[in-house]
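For the numbers below, each heavy atom of this structure counts, side chains included, while hydrogens, waters and symmetry mates do not.
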Amino acid sequence: MTKPKGFEKPAGVRDYLPHVVDKLRRIEHKVLECMSSWGYRQIITPSMEYYDTVGVASSTSDQKLFKLLNNRGTTLVLRSDMTAPIARVVSSMLKDEKLPLRLSYHANVFRAIEEEAGREAEFFQTGVELVGDDSPEADAEVVALAISSLQAAGVASFKIAMGHVGFLNGLLGEIIPGEVDLQEELKAVLLKRDYVGYREKIEGLSLSSEQKERLESILRLRGGKEIGERAESLISSEEARNSVQHLCAVWEVLEAYGVSEHVLIDLTMLGDFSYYTGMTFEGYASELGFPVCSGGRYDKLLKQFGKDIPATGFAIKTNRIIDGVQGIRAEQPLPVLIEYTKEHRVEALSQALQLRTEGRTVVTRLMQRVEDRYHQGVDTNEQGNNCAVSTLQGKYEKVYTYSSPI
């Protein structure tokens, strides 16, 4: 193995230059402010967790976890999402708080990736968890808040696709009962959004034409609230029927919020986390072909930490918005430059302090001689015996020069 060069860094991680950090912080601030206005309180959890608790509870596959040993030989992991750590906190430090709990976060998470995949091993998420409410109202709240959060992040055009884990579980169990491995294979193809591959998979199965037709009909279950009626005509499974009715109830609440125009029902959706148990959703920006947010219901996760209560939530994929969506423009005001000679240092730095208390950005510069001044050749208005002020286009808004007359 060759030794990395001094400027190299591990695959999957990145340096955030100032203009990118400006955009990241603006998105973080605006989205958390939006979540706070809905009653969500911010929480911070450690970057490292025990493998035997949060690592095992996470839906991230073992191969994608970053593992390390502490000085006692105990296996730790870098958090791969925020849902499992928050479930740990809710089940312990917040166990006596009145439900429902509304929590928000902005954090970096870590997932090991294949180097050639071009994906990030460390990235940022901003999201919420609503714990202790299993109603359609709660699911609708997190979908509506996801919509408001995307708008706060500057994502102008997007769609939320909403499905339910129970629908596919019930329908596949009804059409091909007992074929657990085959059901998982079909769900894996749908999870990849490979509809062509899904059709090819069905054609290759030893099933009746009626079974194949019903399996293929799933692909047509995408649209508005009318999808509920169409889906119910295809099913007799109680699990699938209850799932459709739940989604229809969520849709009614979204209509009351006035945001249903941003939502479509997609009954091919599963959600990419194994702990999802009910409604799931993904948000797609018009500029990108992959999700900028995702979420869903996970009613069994907290039970792993000893507290059997329902929960739902979502995460915005902040990095994707930074890199792929026009969104918020981080336009910093030009700073003020105060330059001075040694003899006028006290006056100049006092002026800098005053401007900073007024909310201005100020850069200071010591001149060895008056002839060293930055703004030579620029029109100057005298402010006092020892100070000249000029206005520049470009790097600085104004330049204050403290020096004795030449």
Side-chain angles (χ1 to χ4, degrees), residues 134-140 142-144 159-272 276-284 294-297 299 310 312:
D134 63 357
S135 69
E137 296 279 340
D139 283 337
V142 297
V143 174
K159 274 287 184 185
I160 301 288
M162 184 173 65
H164 199 293
V165 172
F167 175 77
L168 277 175
N169 287 342
L171 185 59
L172 292 177
E174 180 183 324
I175 299 173
I176 43 177
E179 300 283 349
V180 177
D181 291 341
L182 178 55
Q183 292 174 24
E184 292 303 315
E185 288 177 24
L186 291 172
K187 286 193 285 186
V189 179
L190 288 174
L191 184 60
K192 296 176 185 176
R193 299 297 197 191
D194 182 6
Y195 301 132
V196 173
Y198 179 78
R199 287 190 175 95
E200 291 175 350
K201 186 80 174 175
I202 293 170
E203 283 303 312
L205 297 176
S206 299
L207 300 175
S208 68
S209 57
E210 189 268 341
Q211 285 175 304
K212 290 182 178 181
E213 170 57 29
R214 290 186 70 195
L215 286 173
E216 190 171 340
S217 67
I218 295 172
L219 300 179
R220 296 190 288 273
L221 296 179
R222 288 179 285 170
K225 61 183 178 181
E226 75 282 354
I227 293 300
E229 292 182 8
R230 285 168 52 189
E232 289 204 42
S233 68
L234 293 172
I235 55 180
S236 58
S237 158
E238 184 178 355
E239 180 182 11
R241 191 173 298 278
N242 289 340
S243 300
V244 171
Q245 290 172 354
H246 183 90
L247 283 181
C248 290
V250 171
W251 184 280
E252 287 181 9
V253 183
L254 292 173
E255 285 183 320
Y257 274 114
V259 298
S260 59
E261 65 185 276
H262 297 288
V263 183
L264 62 88
I265 293 176
D266 182 353
L267 292 177
T268 67
M269 274 199 60
L270 287 162
D272 57 357
Y276 285 144
T277 59
M279 183 273 295
T280 64
F281 67 94
E282 291 179 339
Y284 292 85
S294 61
R297 176 162 291 282
D299 285 348
T312 185

Does the side chain to side chain contact (heavy atoms under 4.5 Å, CB included) test come out yes or no for Tyr257 and Val143, once each step is laid out? CA-CA 10 Å; Tyr257 274 114; Val143 174; over 6 Å; no
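- Checked against side chain to side chain contact (heavy atoms under 4.5 Å, CB included), Leu207 has the following partners two or more places apart in sequence or in another chain: Ile176, Leu205, Gln211, Lys212, Leu215.
- For the pair Leu182/Leu172, no side-chain contact is recorded, criterion being any heavy-atom separation below 4.5 Å from C-beta on.
- Of the candidates Val263, Asp139, Ile160, Leu254 forms a side-chain contact (heavy atoms from CB on, under 4.5 Å) with just one, namely Val263.
- Going from atom CG of Leu168 over to atom OG of Ser243 covers 9.0 Å, rounded to the nearest 0.5 Å.
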Stepwise, does the side chain to side chain contact (heavy atoms under 4.5 Å, CB included) test hold for Arg222 with Ile265? CA-CA 5 Å; Arg222 288 179 285 170; Ile265 293 176; over 6 Å; no
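- When all heavy atoms of Leu247 and Gly163 are compared, the closest pair comes out as CD2-O, 3.5 Å.
- In this structure, CG in Leu186 is found 10.5 Å from CG in Leu171, a value given to the nearest 0.5 Å.
- Taking every heavy atom of both residues into account, Gly228 and Cys248 meet most closely at CA-SG, 3.8 Å.
- In terms of the salt bridge (Lys or Arg N to Asp or Glu O under 4.0 Å) criterion, residue partners of Glu216 (sequence neighbours excluded) are, by chain and number, Arg199.
- Using a distance-only test at 3.5 Å, with no hydrogens or angles considered, a donor-acceptor pair links the side chain of Thr277 to the main chain of Asp299.
- Using a 4.5 Å heavy-atom cutoff, the side chains of Tyr198 and Ile218 are in contact.
- For Tyr195, the ring pair (Phe, Tyr, Trp, His ring centres under 6.0 Å) criterion is met by no residue, not counting sequence neighbours.
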Apply side chain to side chain contact (heavy atoms under 4.5 Å, CB included) to the pair Leu264 and Met162, showing each step before the final yes or no. CA-CA 6 Å; Leu264 62 88; Met162 184 173 65; over 6 Å; no
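- With rounding to the nearest 0.5 angstrom, the CZ atom of Phe167 is 12.5 Å from the CG atom of Asn242.
- In this structure, CZ in Arg214 is found 12.5 Å from CD1 in Ile202, a value given to the nearest 0.5 Å.
- In this structure, Arg230 contributes its side chain and Arg220 its backbone to a donor-acceptor pair below 3.5 Å.
- Remark: Glu261 pairs with no residue by the salt bridge (Lys or Arg N to Asp or Glu O under 4.0 Å) rule, at least two apart or across chains.
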CA sep, side-chain torsions, deciding dist, call: Arg193, Glu282, salt bridge (Lys or Arg N to Asp or Glu O under 4.0 Å): CA-CA 12 Å; Arg193 299 297 197 191; Glu282 291 179 339; 3.8 Å; yes
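- In terms of heavy atoms, Gly197 sits closest to Val189 at C-CG1, 3.8 Å.
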Intermediate values then yes/no, salt bridge (Lys or Arg N to Asp or Glu O under 4.0 Å), Glu184 and Lys187: CA-CA 5 Å; Glu184 292 303 315; Lys187 286 193 285 186; 3.1 Å; yes
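- Residues forming a salt bridge (Lys or Arg N to Asp or Glu O under 4.0 Å) with Glu185 (at least two apart in sequence, or on another chain): Lys201.
- No more than 12 heavy atoms of other residues, nucleotides or ligands sit less than 6.0 Å from atom CD of Glu229.
- For the atom pair Glu213 CD and Ile175 CD1, the distance stands at 10.0 Å (nearest 0.5 Å).
- Enclosure of atom CD in Glu232 by more than 12 non-hydrogen atoms of other residues, nucleotides or ligands within 6.0 angstrom is indicated.
- Among all heavy-atom pairs drawn from Arg297 and Pro310, the shortest one is NH1-CB, 3.6 Å.
- If you take OG on Ser294 and OH on Tyr276, they are separated by 4.5 Å, rounding to the nearest 0.5 Å.
- Taking the salt bridge (Lys or Arg N to Asp or Glu O under 4.0 Å) definition, one finds that Glu255 meets it with Lys225, sequence neighbours left out.
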Mind running side chain to side chain contact (heavy atoms under 4.5 Å, CB included) on His164 and Val244 for me, showing each step along the way? CA-CA 8 Å; His164 199 293; Val244 171; over 6 Å; no
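- At least one donor-acceptor pair under 3.5 Å links the side chain of Thr312 to the backbone N or O of Gly296.
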